[in-house]
Amino acid sequence: MATREKALIAWSSGKDSAWALHEARRTGEFDIVGAVTTVTDTFGRVSMHGVREELLQAQLEAAELPAIVVRIPYPCPNEIYEREMAAAMADAKARGITHVIFGDLYLEDVRAYREKNLAGTGIAPVFPLWGLPTGPLARAMIEAGVEAHLATVDLKILPAAFAGRRFDLGLLAALPAGTDPCGENGEFHSFVAAGPMLKRKIPVKVGETVERDGFAYADLLPA
């Protein structure tokens, strides 16, 4: 049997990256050897999602993936983000990694940005969920046993009360018209506590909601 090429999963702690891992493992094309996550060091939380780092670590242990944490400050100018990610990719390349798997669904500008940043690094991006219709995709995740909470919501689109809600069929029915069922336009970000990509469920409880910079963050706590 031919040796599979090594890949990392770009891991946000949310459902799309978790499902991308599930799909990549299902096809078996790559040997997935780690998860790379950006953590805002100022808060000790996953960037954008606001998930506590201890929950991230529990999640990656359940996914049986070594954590590669890229630490950035708050606020973080784009050049610092790109510098730290470039360093992480250079280290990955030195360890024989040839691909990074992303959970992006259809935003062309985001895909182009990832492709531009990886150009010339010797590491290629992979998008296993690209172009899938997001309504059926969201329902497929739920039907497959993905349990997730909305960790962050964009207050321009959703009320703060959506922060902390379970990602389930009730949530999909309650989303305002025009909201992407997977939150691909940034409407919300999530934390996956269970699913076919995790060996065990991560018990969480929903703490207080904090509003900052136009977003509502539900403080998810280990239960």
Would you mind checking if K201 and E147 are paired as a salt bridge, meaning a charged N to carboxylate O distance below 4.0 Å? yes

Taking L8 as the starting point, is it possible to reach V110 by hopping between hydrophobic residues whose side chains are less than 4.5 Å apart? no

For G164, does its backbone N or O pair with a side-chain atom of H149 as donor and acceptor, under 3.5 Å? yes

When you measure from the side chain of S47 to the backbone N and O of T40, does any donor-acceptor pair fall under 3.5 Å? yes

Between V126 and L65, is there shared hydrophobic-cluster membership here, with clusters defined by ILVMFWY side-chain heavy atoms closer than 4.5 Å? yes

Any heavy-atom pair between the side chains of T37 and S12 that's under 4.5 Å? no

Would you indicate whether the side-chain heavy atoms of I80 and P73 approach each other to under 4.5 Å? yes

For the student: nearest non-hydrogen atoms of L171 and D168, plus distance: N-OD1, 2.9 Å

Heavy atoms of other groups near E23 CD, more than 12 under 6.0 Å: yes

Any side-chain heavy atom of P66 sitting closer than 4.5 Å to one from V33? no

Distance, nearest 0.5 Å, that separates OG1 of T152 from NE2 of H189: 6.0 Å

What do the steps show when you test Y106 against N185 for side chain to side chain contact (heavy atoms under 4.5 Å, CB included), and what is the final call? CA-CA 9 Å; Y106 60 74; N185 295 301; 3.1 Å; yes

In Å, rounded to the nearest 0.5 Å, how long is the span from CD of E29 to CD1 of I101? 8.0 Å

Report whether I72 and W11 are members of the same hydrophobic cluster (ILVMFWY, side-chain heavy atoms less than 4.5 Å apart, transitive linking). no

D104 side chain reached by R114 side chain, heavy atoms, under 4.5 Å: yes

Is there a salt bridge (Lys or Arg N to Asp or Glu O under 4.0 Å) between E64 and R200? Walk through the geometry before answering. CA-CA 10 Å; E64 298 184 317; R200 58 185 175 278; over 6 Å; no

Give the minimum heavy-atom separation between A218 and A163, together with the two atoms involved. CB-C, 3.7 Å

Of all the heavy-atom pairs spanning E184 and L107, show the shortest one and how long it is. O-CD1, 3.2 Å

Considering only heavy atoms from C-beta outward, does the side chain of E82 approach that of N78 to under 4.5 Å? yes

Hey, are E115 and R111 close enough for a salt bridge, meaning a charged N less than 4.0 Å from a carboxylate O? yes

Rounded to the nearest 0.5 Å, the CG atom of D219 sits from the CZ atom of R52 at a distance of 4.0 Å

Give the minimum heavy-atom separation between P125 and F102, together with the two atoms involved. CB-CE1, 3.7 Å

Just verifying a value: how many Å separate D16 CG and C182 SG, rounded to the nearest 0.5 Å? 5.0 Å

Going by heavy atoms in the side chains, are P222 and L55 under 4.5 Å from each other? yes

So, H49 side chain and S190 main chain: donor-acceptor pair closer than 3.5 Å or not? yes

Say whether, by atom type as modelled, one donor and one acceptor occur between the side chain of K93 and the main chain of T121 under 3.5 angstrom. no

Could you report the tightest heavy-atom contact between L21 and A63, atom names first, then the distance? CD2-CB, 4.3 Å

Would you call the rings of Y81 and Y113 parallel, tilted or perpendicular if under 30° counts as parallel and over 60° as perpendicular? parallel

For a 4.5 angstrom cut-off between non-hydrogen side-chain atoms, does L220 reach K205? no

Evaluate side chain to side chain contact (heavy atoms under 4.5 Å, CB included) for V153 paired with E187, printing each intermediate quantity in order. CA-CA 6 Å; V153 301; E187 296 98 330; over 6 Å; no

Residues D154, K156: salt bridge by 4.0 Å N-O rule: yes

Give a yes or no on this: more than 12 heavy atoms of other residues, nucleotides or ligands lie within 6.0 Å of atom NZ of K199. no

With a 6.0 Å cut-off on the ring centroids, do F30 and H99 count as close? yes

Can you name the nearest heavy-atom pair linking L175 to P181, along with the distance? CD1-CA, 4.0 Å

Decide if the gap between the ring center of F188 and the ring center of F162 is smaller than 6.0 angstrom. no

Between CZ on residue F127 and CG on residue L132, distance to nearest 0.5 Å: 13.5 Å

If hydrophobic clusters are built from ILVMFWY residues whose side chains come within less than 4.5 Å, do L155 and L150 share one? yes

With rounding to the nearest 0.5 Å, note down the distance linking OG in S17 to CD in Q59. 7.0 Å

Is there a side-chain contact between L169 and I142, using heavy atoms and a 4.5 Å cut-off? yes

Checking side chain to side chain contact (heavy atoms under 4.5 Å, CB included) for the pair F43/R212: CA distance, chi angles, key distance, verdict? CA-CA 13 Å; F43 306 122; R212 186 179 67 245; 3.9 Å; yes

Does NZ or CZ of R45 lie under 6.0 Å from the centre of the six-membered ring of Y74, at an angle within 45° of the ring axis? no

Give the C-alpha distance, both sets of side-chain angles, the deciding distance and a yes or no for side chain to side chain contact (heavy atoms under 4.5 Å, CB included) between V70 and V39. CA-CA 6 Å; V70 178; V39 168; over 6 Å; no

Answer yes if V206 and V192 sit in the same cluster of Ile, Leu, Val, Met, Phe, Trp and Tyr residues linked by side chain heavy atoms under 4.5 Å apart, and no otherwise. yes

Is T134 reaching over with its side chain to a backbone N or O of D180, donor-acceptor style, under 3.5 angstrom? no

